[in-house]
Structures are given as C-alpha cells and as structure tokens.
Number of protein chains: 2
Amino acid sequence: MSHTLGVRQAQKQKTRQALLDAALGLLEEQSLSSLGLREVTRAVGVAPTAFYRHFRSTADLGVALVEEALGSLHPMIRTTVSTAGDSEERIVRAVELIARHVDAFPAHVRFIARERHGGVQPVREAIRDQLLRFAREVKTELAEDPEADGWSDEDLLMLAHLYVDQMLITASLFLEALDCPPGEREQVTRTATRQLRLISIGRSHWTG
Amino acid sequence: MSHTLGVRQAQKQKTRQALLDAALGLLEEQSLSSLGLREVTRAVGVAPTAFYRHFRSTADLGVALVEEALGSLHPMIRTTVSTAGDSEERIVRAVELIARHVDAFPAHVRFIARERHGGVQPVREAIRDQLLRFAREVKTELAEDPEADGWSDEDLLMLAHLYVDQMLITASLFLEALDCPPGEREQVTRTATRQLRLISIGRSHWTG
DNA sequence: CCATGCAGTTAACAACTGTTCTCTGGATTT
DNA sequence: AAATCCAGAGAACAGTTGTTAACTGCATGG
C-alpha cells in the first residue's frame with residue numbers, strides 16, 4: 001500500500017513542484033541555458049540557496065521537466081495509435097488529440113520543442129531518449145496492424161519516427177496558433193490532417 | 001558597376017563578420033538567449049562598446065545570423081528540387097546534398113535548428129519567414145512537375161512544408177551524427193531516404 | 001521527551017552583465 | 001590642407017549571477 005509520506009517530505013515536494021512550475025513559466029520567454037537559479041527561486045518566493053536542496057543546477061531541473069512533460073504521455077500514445085476505426089478516423093482523432101494536448105499543456109509543449117535542439121546537452125539527451133521510446137512504442141503498435149505484413153523492423157521504426165516527428169511539428173504549429181484567431185488553428189488542423197493522410201497513403205502502397 | 005568600398009567600411013564589415021563568426025562559435029554550446037554581448041566582443045578581441053556600432057542587441061545579431069545561414073540557400077533549393085532524373089535519383093541526390101551542407105556549415109545548421117523554436121522572438125520570426133519562403137519555392141517547383149496535375153494550391157503548399165520540415169529534421173540528425181562513427185551517418189542516410197521515398201509514394205497516389 | 005535530521009534562511013564573496021559617457025586617431029570629404 | 005566623421009577604446013555605473021558558509025526552527029525517530 002502507498003505509505004502516506006510525512007509532513008516533512010510533503011512540504012519538500014511541494015516547493016520542488018513550485019520550482020518546476022515557476023521555471024516552466026519563465027521558460028516561455030527564454031531558453032533553459034539562460035535561466036538563472038535565482039530567477040526561479042525569486043519567482044517562487046524562497047531563498048536562492050533553497051534551490052540546491054532539490055536540484056544540482058538548472059540543467060538538472062531541465063531534465064526533471066522533460067520527465068514531467070513527456071513521462072506521462074506514453075499511455076496516451078498507445079491508446080491513440082491503437083484505437084479502432086479506419087485510417088481516416090484515426091488520423092482525425094490523432095490531430096484532435098494533439099490540439100487538445102497543446103491547449104491543456106502549452107508550456108510543456110513549448111519547453112520540449114524549444115529544448116529538443118537547445119543549448120543544454122543533458123536535456124537534449126533526455127528528450128531524445130523519451131522520443132526514441134515513443135518511436136519504439138509507435139512501432140510496436142504499427143506492427144500489430146495487418147497492414148504491416150512484410151515490413152522489416154527497420155522500416156517500421158523509420159515510419160514510427162516519421163509519425164513522432166510529424167506529431168511534434170504539428171504540436172508546435174498549434175502552439176504558435178494559440179494567440180491567433182481561431183481560423184489559424186483550423187488551418188493547422190487541415191494541413192496536419194492531410195500530411196498524415198499522405199503519409200498513410202504512402203504506407204499502404206509501400207513495397208519493402 | 002560595384003563601387004570598391006573604402007578602407008573605412010571594409011574594416012567595419014570585417015569586424016562585423018568577426019562578431020558574427022565568434023557568436024556562431026559560442027552558440028555551439030548555448031542558446032542565443034544566454035549569449036552575452038561582452039562574451040562575443042571578448043572572443044573577437046574588441047571593446048564591448050564596439051558591439052553597438054554593428055548591432056542593437058544580441059537578438060539583432062541573431063537575425064543577421066539567420067540571414068547568413070539561410071539567405072544563401074535559396075538557389076540550392078531550386079536547383080535541387082528541379083534537377084532532372086526519376087524520383088528515386090532526386091531523393092538520393094537531395095539527401096546527399098543535405099549531408100554535404102551539414103558537413104560544410106555545421107554551425108549554421110545547429111543555429112537554425114536551435115533557434116527555430118528558441119527563446120528569442122525576432123529570431124524565431126526571421127527563421128519562420130525564411131522557411132516559408134523555402135516552402136513557397138519548393139511549391140512552385142512541385143507545380144511544374146506533371147505529377148502535380150489536379151493538385152490544389154493548398155495541397156501543393158502542404159506537401160512543400162512536409163518536404164521542408166523533413167529536410168530540417170534530416171539535417172539535424174546528420175548534425176548529431178557528426179562526432180559519431182561513420183556507421184551512424186549512413187544509418188541516417190538510409191532512414192531519410194526511405195522517409196522521402198514513402199512521402200513520394202504517397203504523393204503519386206494522392207487524390208485531391 | 002529529547003536528540004537528530006534536514007528544508008529553508010541569511011549574509012557575504014568575487015565575477016559578471018548591459019549601458020552610458022567621454023575620448024582618440026585615422027580615414028573621408030571639401 | 002583643413003574640417004569632419006566615426007569605428008573603436010577606456011572607464012565607470014548599478015545590477016545581476018552562482019556558490020559557500022554558518023544559522024534556525026520544526027518534524028522526525030529512538
């Protein structure tokens with residue numbers, strides 16, 4: 001059973017989460033490599049030195065943010081790719097799901113898009129690892145589809161990567177369209193849907 | 001005729017270029033939003049105040065770097081997409097050309113990949129504008145292909161964006177593989193080629 | 001109930017930042 | 001040849017940064 005953790009550790013995790021939240025907020029207008037430790041603690045309202053009780057450095061905090069932003073996404077991936085229905089339905093559902101996710105967690109999406117190629121190596125590697133996990137999961141889902149008969153493992157993974165990258169691009173476009181008139185968002189939906197459709201067509205006509 | 005510019009302006013452009021080069025070097029291990037003005041001038045060997053003779057801020061310098069990194073790429077795009085040969089030949093040639101470009105200008109490629117979603121708004125916009133121009137150019141090239149009969153303008157642009165994004169992803173992967181054993185690079189080549197092939201297949205079976 | 005652990009505080013450190021003002025010396029113009 | 005211009009130097013500014021050390025007070029385990 002889950003042991004109720006003491007008042008002590010509860011407070012600690014509370015301020016830790018406050019640091020993560022404050023950092024995520026500050027990162028909407030800058031990159032991680034320019035995020036100062038004092039800046040974060042100031043936003044939370046704690047002393048600068050309190051930071052060290054939770055993270056070694058801002059890079060360390062960044063790795064924790066990767067976990068928070070992508071770690072909880074794996075179940076969603078599985079259920080999305082594997083939902084029943086014909087190809088067209090699945091595509092529409094996937095794009096909608098991405099749009100809703102960007103609406104719900106815009107700061108998370110922005111952080112991942114920004115730091116995927118950002119200036120902090122450990123964070124880049126953490127994101128790369130998570131995306132590789134995504135690709136592998138998508139691959140196993142694709143492998144279960146009867147359409148995947150005759151596909152080599154390598155080709156399945158190459159297609160999975162195509163889908164994952166496309167997902168990120170689409171999410172980033174939805175993010176840019178957040179402050180725009182709703183027409184923009186619909187345009188992103190149209191384009192993303194058609195791109196996925198084109199990939200899907202290419203898949204069904206693929207000859208290993 | 002091109003008027004030979006005086007010793008005065010020649011020196012100025014020389015230090016300006018030195019600032020750009022130094023910045024590009026420093027940006028291999030950080031993002032633009034954490035790049036300090038003093039840091040750049042120190043690397044060049046000039047006084048910090050000299051910076052203002054050339055740029056208003058590091059963000060301004062970043063915009064200039066976008067111009068340098070992407071501005072000279074347009075002719076290459078045109079000749080690549082429009083070279084003769086069947087679809088397969090063009091794909092192989094395109095991937096090779098990307099690989100060579102990453103080899104020749106790794107810092108430029110890294111800068112674009114990093115700052116495309118980076119923390120400095122004017123730079124993001126400059127990159128977005130250039131990529132949009134690329135997409136439009138690719139679109140006009142695609143439109144000339146007989147395979148594009150019956151394609152709407154919207155769908156042509158959607159396909160062009162798919163190609164441009166794919167180009168950037170591939171370039172970024174080649175960049176990561178630069179310090180790795182040559183086997184890595186060949187793997188990137190294989191995957192990128194097949195992804196383009198799949199897109200090409202989807203394109204030939206597309207029904208507007 | 002008392003001793004220990006530990007999250008968070010306070011104070012201070014040298015180093016660094018962007019920006020302003022003043023100045024200089026050589027190229028440019030007249 | 002003299003007057004002007006202007007890229008770059010130099011010094012100083014207030015403000016920021018990461019990191020160390022010694023501390024306080026409260027929840028915890030014996």
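Below, chain A is the first sequence line, B the second, and so on; all start at residue 1.
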So which one's nearest nucleotide on DNA chain D is more toward 5', B:Thr15 or A:Gly36?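 Its nearest nucleotide lies further toward 5', so the answer is B:Thr15.
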Length of the line joining [X]:[atom1] and [N]:[atom2], which is rounded to integer Å:
X       : N      : atom1 : atom2 : result
A:Arg16 : C:dA7  : CZ    : P     : 12 Å
A:Gln9  : C:dC6  : CD    : C1'   : 10 Å
A:Arg38 : D:dT20 : CZ    : P     : 13 Å
A:Leu61 : D:dG18 : CG    : C1'   : 15 Å
A:Leu37 : C:dA15 : CG    : P     : 19 Å
B:Lys14 : D:dC6  : NZ    : P     : 21 Å
B:Arg53 : C:dT22 : CZ    : P     : 14 Å
A:Gln13 : C:dA7  : CD    : P     : 11 Å

Please confirm whether the shortest side-chain N or O distance from [X] to OP1 or OP2 of [N] is below 4.0 Å.
X       : N      : result
A:Thr49 : D:dT19 : no
A:Arg42 : D:dG18 : no
A:Ser57 : D:dG18 : no

Please report the shortest heavy-atom distance between B:Gln187 and A:Glu154, naming the atom on each side.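 For B:Gln187 versus A:Glu154, the nearest heavy atoms are NE2-OE2, 3.5 Å.
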A:Arg8 side-chain proximity, nearest of D:dA9, C:dT9, C:dG5: C:dG5
Among D:dA9, D:dA7, D:dT20, the nucleotide that comes nearest once only the side chain of A:Tyr52 is considered: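 Given the options D:dA9, D:dA7, D:dT20, the side chain of A:Tyr52 is closest to D:dT20.
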Does one side chain, of A:Gln130 or A:His74, offer a donor that lies under 3.5 Å from an acceptor on the other?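 Note: A:Gln130 and A:His74 side chains meet the donor-acceptor criterion.
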5' precedence on DNA chain C between B:Val7 and B:Pro48 (nearest-nucleotide basis): B:Pro48
Measure from the side-chain N and O atoms of A:Arg116 to the backbone N and O of B:Arg114, and report whether any donor-acceptor pair falls under 3.5 Å.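 Not confirmed, A:Arg116 side chain does not pair with B:Arg114 backbone.
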Is there a side chain to side chain contact (heavy atoms under 4.5 Å, CB included) between B:Arg133 and B:Arg128 once you walk through the steps? CA-CA 9 Å; B:Arg133 283 185 55 194; B:Arg128 194 170 48 84; over 6 Å; no
Regarding A:Asp179 and A:Arg185, does a basic nitrogen lie under 4.0 Å from an acidic carboxylate oxygen?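 Looking at A:Arg185 together with A:Asp179, the answer is no, because their closest N to O distance does not fall below 4.0 Å.
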